[in-house]
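Excluded from the calculations below are hydrogen atoms, water molecules and symmetry mates; all remaining heavy atoms, backbone and side chain alike, are included.
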Amino acid sequence: MRPIDRQGLFEVIDSFAIRNRNQFYLIGKIIEGEIEENWFVNIPFNSSLSMSVRINSIEVVEMASEKEPHTLLIVDCDDEVIDLLMSLNVGLEYLHVTIDGED
């Protein structure tokens with residue numbers, strides 16, 4: 001990805017799935033730029049290879065134990081993709097957000 005392609009930077013705190021909804025969730029905060037629905041978040045496998053997933057919905061989440069609200073990125077996907085994303089253990093990292101990507 002070229003630096004100019006990046007629209008935002010998202011700091012992931014943690015990730016989880018709700019299988020009966022076929023959804024994977026990334027919770028964190030927007031560090032820079034912006035993030036919109038139907039854009040893509042890029043999840044790295046290593047330093048030179050990443051997977052893009054479409055952001056289907058964005059929600060604001062408030063937690064009783066924290067003063068600042070968090071952003072929840074919601075990705076619609078099937079069991080196979082959920083298995084892959086869960087195995088990546090996405091959390092405590094920065095992810096690039098782009099307008100273009102592949103479903």
- Message: Give me the atom names and distance for the closest heavy-atom approach of I55 to F40.
- Response: CD1-C, 4.3 Å

- Query: Rest of the hydrophobic cluster containing L9 (Ile/Leu/Val/Met/Phe/Trp/Tyr, side-chain heavy atoms under 4.5 Å)?
  - Reply: I31, Y94

- Could you pull out all residues at least two apart from D100 that satisfy salt bridge (charged side-chain N to carboxylate O under 4.0 Å, His left out)? none

- N42 and L95: CA distance, side-chain angles, deciding distance, side-chain contact (heavy atoms from CB on, under 4.5 Å) verdict: CA-CA 6 Å; N42 296 273; L95 302 179; 6.0 Å; no

- Task: For side-chain contact (heavy atoms from CB on, under 4.5 Å), just list the numbers for R54 and N38, CA-CA rounded to whole Å, side-chain angles, deciding distance to a tenth of an Å, and then say yes or no.
- Result: CA-CA 6 Å; R54 185 179 298 274; N38 293 312; 3.7 Å; yes

- Going only through I, L, V, M, F, W and Y residues with side-chain contacts under 4.5 Å, is there a path from V53 to L49? yes

- Value rounded to 0.5 Å, distance of OG1 in T98 from CG in D5: 7.0 Å

- Note on the structure: For V90 and L85, the nearest pair of non-hydrogen atoms, with its separation, is CG2-O, 4.1 Å

- Same apolar cluster: I30 and Y25, side chain cutoff 4.5 Å: no

- Task: Kindly give the heavy-atom pair with the smallest separation between V81 and D78, and that separation in Å.
- Result: N-OD1, 2.9 Å

- Query: Can R21 and I74 be said to form a side-chain contact (heavy atoms from CB on, under 4.5 Å), step by step?
  - Reply: CA-CA 11 Å; R21 293 185 184 174; I74 303 168; over 6 Å; no

- Query: Considering residues at least two apart in sequence or located in another chain, which fulfil the salt bridge (charged side-chain N to carboxylate O under 4.0 Å, His left out) criterion with E32?
  - Reply: R6

- How far apart are the closest heavy atoms of I43 and L88, and which atoms are they? CG2-CD1, 3.8 Å

- Query: Sequence neighbours excluded, which residues qualify as side-chain hydrogen bond (donor to acceptor under 3.5 Å, both in side chains) partners of D76?
  - Reply: Q23

- Atom pair CG/OG of L73 and S15 - distance to nearest 0.5 Å: 11.0 Å

- Residues forming a side-chain hydrogen bond (donor to acceptor under 3.5 Å, both in side chains) with D83, sequence neighbours excluded: R19

- Is any side-chain heavy atom of E93 closer than 4.5 Å to a side-chain heavy atom of P44? yes

Would you tabulate the side-chain donor-acceptor contacts of residues 57-70 under 3.5 Å, counting partners in other chains and residues two or more places apart, or write 'none'?
{"from": "E66", "atom 1": "OE1", "to": "H70", "atom 2": "NE2", "distance (Å)": "2.7"}

- When rounded to the nearest 0.5 angstrom, what is the spacing between CZ in F24 and CG in L84? 9.0 Å

- Please report the shortest heavy-atom distance between F10 and I27, naming the atom on each side. CZ-C, 4.0 Å

- Note on the structure: CG of L72 to CG of L26, rounded to nearest 0.5 Å, is 8.0 Å

- Item | Cluster overlap F45 with V97, hydrophobic side-chain contacts below 4.5 Å | yes

- Query: Which pair of non-hydrogen atoms, one from W39 and one from E34, has the smallest distance, and what is that distance?
  - Reply: CZ3-O, 3.4 Å

